[in-house]
Amino acid sequence: MKELVEVIAKSLVDHPEEVSVTQEETDSTITVTLKVAADDMGKVIGKQGRIAKSIRTVVKAAASKIDKKVVVDILQ
């Protein structure tokens, strides 16, 4: 999941070198944390959160094969 979020985020932002993705895994949950530059927050979130919602939807679809809940957090 980490690689998927990283590829999507790097394609959206102006400063791909500042994209940082970490992943923490428990028994039933995977938490993916995405950090981007302050200038790029608007590009990752989108109007009314549409891009952020789309990223979460794609990750959840990819996670359906592994039967775990995936949470995507976006930080500055």
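The shown structure was predicted, so the numbers you read here are calculated from the model rather than taken from an experiment.
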Working note: V36 + M41, criterion side chain to side chain contact (heavy atoms under 4.5 Å, CB included); need CA distance, chi angles, decisive distance, verdict. CA-CA 6 Å; V36 296; M41 279 301 284; 3.3 Å; yes
Following the transitive rule for hydrophobic clusters with a side-chain heavy-atom cut-off under 4.5 Å over Ile, Leu, Val, Met, Phe, Trp and Tyr, establish whether V13 and L75 coincide in one cluster.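 Result: no, two separate clusters.
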Out of curiosity, does V5 fall in the hydrophobic cluster containing V58 (side-chain heavy atoms, cut-off under 4.5 Å, transitive links)?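 The answer is yes; both residues are in one hydrophobic cluster.
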In terms of heavy-atom contacts, does [atom1] of [X] have more than 12 from other residues, nucleotides or ligands at under 6.0 Å?
X	atom1	answer
K68	NZ	yes
K43	NZ	yes
E17	CD	yes
E24	CD	no

Could you check whether any side-chain heavy atom of [X] comes within less than 4.5 Å of a side-chain heavy atom of [Y], counting everything from C-beta outward?
X	Y	answer
V71	T29	yes
M1	E3	no
L34	V44	yes
T22	V32	no
T31	T26	no

Heavy-atom closest contact (E25 atom, I30 atom, distance):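 Scanning both residues, the minimum pair turns out to be CG-CG1, 3.8 Å.
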Mind listing the closest non-hydrogen atom pair of V19 and V21 along with its distance?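 Closest approach of V19 to V21: CG1-CG2, 4.2 Å.
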Evaluation steps, side chain to side chain contact (heavy atoms under 4.5 Å, CB included), between D14 and D39: CA-CA 8 Å; D14 289 334; D39 298 346; over 6 Å; no
K2/E6 ion pair, N-O < 4.0 Å: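 Not counted as a salt bridge, because no side-chain N and carboxylate O are separated by less than 4.0 Å.
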Run the side chain to side chain contact (heavy atoms under 4.5 Å, CB included) check on L12 and I55 step by step: do they pass? CA-CA 11 Å; L12 292 172; I55 292 171; 4.1 Å; yes
Decide side chain to side chain contact (heavy atoms under 4.5 Å, CB included) for I45 and I51; before the verdict, give the C-alpha distance in whole Å, the side-chain angles of both, and the deciding distance to 0.1 Å. CA-CA 5 Å; I45 294 173; I51 295 175; over 6 Å; no
